[in-house]
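Computed over heavy atoms, backbone and side chain alike; hydrogens, waters and symmetry mates excluded. Residues take their numbers from the sequence shown, with the count starting at 1.
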Amino acid sequence: MSNVTVCVRFRPLSSKEKRDLGDNICIQSMDSETFIIKDEKEEGFTFSFDKVFYEESNQADVYEFLVLPIVRDTVNSINGTIITYGQTGAGKTYSMEGPNILESDEKKKGILPRVVDGLFACIKTSADSTKYTVKLSMVEIYMEKVRDLFDLSKDNIQIKESKTQGIVLSGATEISLSDTAEALQSLSSGIANRAIGETQMNMASSRSHCVYMFTLNQESISEKRVKSGKLILVDLAGSEKVEKTGAEGRVLEEAKTINKSLSALGNVINALTCGSPAKANHIPYRDSKLTRMLQDALGGNSRTALLCCCSPSPSNASESLSTLRFGARAKHIKTSPLVIKVSEEKCSKKNGDASGTRDESFEKILEKMSERLNDEDIKLLEELFIQAGLFVDPDSEEDLESAIQDVVQQTISSLMKAVEELRSTVEMLQRENNAMKGRLAVAERCDALPGKNADFLQKIFGFLSSFIPGM
């Protein structure tokens, strides 16, 4: 097992930060792996990571240390994931894409275009007896929906799990790539469809988590074997403090959803690193689309790297400290990257199973469940599958049991919610009933009074009831 590789990158001070606090910074470099950061109270905290990139570091440094080893592993059919994390405006998208995905300046090119160069460079140096195919998918998680950036009509893609392929996106567009130029043009068209918005901290703030997925299939002509490697790059939307970003309206709703999914990611990290080795710990991957999609990267068959992007300004010290603590926790995650080899026949068979239709999957699952449940329960289960959009490999007992547990959990949650709503309704009816009894009692007392006094009190009661609820 290997640890997640975690690096930190401090961007240069922005013009606003310089205007507000001059050239003051809150970090003190110790060496290439360790530094001290001071919070608002000038209290110092020491952190150590695999590598620290300070303000003067360049794009190539980040790629060669953090990303290139994973690119080489992908060509050798070991899955890899690179994630950028941090406060909004901390330099995540710049690190991932550069100023522009088609940027020709070698110094400014980000991780993504360098990955494309690296993949095709590795393929060119491979043996002639091996045939490679490279495919690209691009999606964004926006307001808890997975949207296809190559086909905007696919705005609610379902996440499913295959025993052979791990986490996959059902129906997401896959573009075949033949060279670097074609790959960069495809990436550029997908990025243009990404949701962005303006905040007080960033003129073009990412309002979604963007996921780039390269699938590299390797066919050995002599051995008649197929291997597959998957490389995922994730540009997370930044965590936000509303008082700093000035978010309102739809941008505020976007910020709430972003922060909620990042909180779910933090919970998964905590569950992965706090559990007892002797006892299986529940990992809440299904709490958000983001954590579900990153299930392989964080706890499965993938070599994973995390780049924590931070501001060095004292004005953002608390947010930077939060990012660094997240990275320190992630450093303890263990993953188990493996090369999966399958014969060509077995591979095509499995791929056929995984790409089966929803109806076929449902029927196989329901057929197996019919041995335990009556007809009425089967109908209810079918409805729940459709509503939940669950996709599983029906030939896998593990996937079947997982699907059953999901349905049971969702059913329990729905019932608990219904009970809570019913309880609220009963309490409201009781309050209204008590208020009605009070009105009747007052009316009866008024009726018992002599004529003019009763009329006067009825008017007073009617006047007060318009101001005081429940009278």
Report yes if the side chains of [X] and [Y] come closer than 4.5 Å at any heavy-atom pair, otherwise no.
X: Pro314; Y: Glu40; value: no
X: Ser313; Y: Asp20; value: no
X: Glu140; Y: Leu149; value: yes
X: Leu13; Y: Pro312; value: yes
X: Phe214; Y: Leu177; value: yes
X: Leu21; Y: Ser315; value: yes
X: Leu216; Y: Ile123; value: yes
X: Val62; Y: Ser95; value: no

Self-check item: Pair listing, ring-ring contact (aromatic ring centres under 6.0 Å, His included) test, anchored in residues 291-327, at least two apart
Solution: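 Listed once each, the pairs are Tyr85-Phe326.
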Practice problem: Could you go through the salt bridge (charged side-chain N to carboxylate O under 4.0 Å, His left out) check for Lys109 and Asp117 one step at a time? | Solution: CA-CA 11 Å; Lys109 283 168 64 174; Asp117 291 340; 2.6 Å; yes
Quiz item: Testing Arg194, Glu254, His209, Lys289 for side chain to side chain donor-acceptor pair (under 3.5 Å) with Tyr142, which one passes?
Solution: Glu254
Are [X] and [Y] linked by a side-chain donor-acceptor pair shorter than 3.5 Å?
X: Thr173; Y: Asp148; value: yes
X: Glu17; Y: Ser311; value: yes
X: Thr81; Y: Ser302; value: yes

Looking at every non-hydrogen atom in both residues, tell me the closest pair between [X] and [Y] and how far apart they are.
X: Ala237; Y: Leu262; value: O-CD1, 3.6 Å
X: Ile191; Y: Met138; value: N-CE, 3.6 Å
X: Ser77; Y: Lys227; value: OG-CB, 3.0 Å
X: Cys310; Y: Leu324; value: SG-CD2, 4.0 Å
X: Leu306; Y: Gly327; value: CD2-CA, 4.1 Å
X: Ser228; Y: Thr215; value: OG-CG2, 3.9 Å

Quiz item: Does NZ in Lys108 sit with more than 12 non-hydrogen atoms of other residues, nucleotides or ligands closer than 6.0 Å?
Solution: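 Counting neighbours around NZ of Lys108, 12 or fewer heavy atoms of other residues, nucleotides or ligands fall under 6.0 Å, so no.
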Quiz item: Do other residues, nucleotides or ligands put more than 12 heavy atoms under 6.0 Å from Lys135 NZ?
Solution: no
Rounded distance (nearest 0.5 Å) linking atom [atom1] of [X] with atom [atom2] of [Y]:
X: Tyr285; Y: Arg292; atom1: OH; atom2: CZ; result: 10.0 Å
X: Cys26; Y: Ile36; atom1: SG; atom2: CD1; result: 12.0 Å
X: Ile283; Y: Ile269; atom1: CD1; atom2: CD1; result: 10.0 Å
X: Leu187; Y: Leu112; atom1: CG; atom2: CG; result: 4.5 Å
X: Thr304; Y: Asn79; atom1: OG1; atom2: CG; result: 9.5 Å
X: Met213; Y: Ile167; atom1: CE; atom2: CD1; result: 11.5 Å

Practice problem: Assign the ring pair Phe65 / Phe53 to parallel, tilted or perpendicular, where the plane angle (0 to 90°) is split at 30° and 60°. | Solution: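 If you compare the ring of Phe65 with that of Phe53, the planes turn out perpendicular.
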Exercise. Please work out whether the ring planes of Phe35 and Tyr54 are parallel, tilted or perpendicular, with thresholds of 30° and 60°.
Key: perpendicular
Give a yes or no on whether the backbone of [Y] and the side-chain of [X] come within a donor-acceptor separation of less than 3.5 Å.
X: Asn156; Y: Lys145; value: no
X: Arg11; Y: Gly89; value: yes
X: Gln295; Y: Gly166; value: no
X: Thr291; Y: Ser288; value: yes

Quiz prompt | Phe45 six-ring face occupied by Arg325 cation (under 6.0 Å, within 45°) | solution = yes
Quiz item: Which is it for Val6 and Cys308 under the side-chain contact (heavy atoms from CB on, under 4.5 Å) test, yes or no, and what are the steps along the way?
Solution: CA-CA 7 Å; Val6 181; Cys308 294; 4.2 Å; yes
Exercise. Mind running side-chain contact (heavy atoms from CB on, under 4.5 Å) on Ile70 and Thr5 for me, showing each step along the way?
Key: CA-CA 10 Å; Ile70 295 180; Thr5 301; over 6 Å; no
Exercise. For the pair Val234 and Met293, evaluate side-chain contact (heavy atoms from CB on, under 4.5 Å) and give the outcome as yes or no after the intermediate values.
Key: CA-CA 10 Å; Val234 186; Met293 197 177 292; over 6 Å; no
Quiz item: Tell me the side chain to side chain donor-acceptor pair (under 3.5 Å) pairs involving residues 181-191, sequence neighbours left out?
Solution: Ser178-Glu182
Self-check item: Verdict with supporting geometry, Val75 and Leu119, side-chain contact (heavy atoms from CB on, under 4.5 Å)
Solution: CA-CA 7 Å; Val75 176; Leu119 284 174; 4.1 Å; yes
Practice problem: Show the numbers, then the answer: is there a salt bridge (charged side-chain N to carboxylate O under 4.0 Å, His left out) between Glu64 and Arg114? | Solution: CA-CA 9 Å; Glu64 289 173 8; Arg114 292 177 191 273; 6.0 Å; no
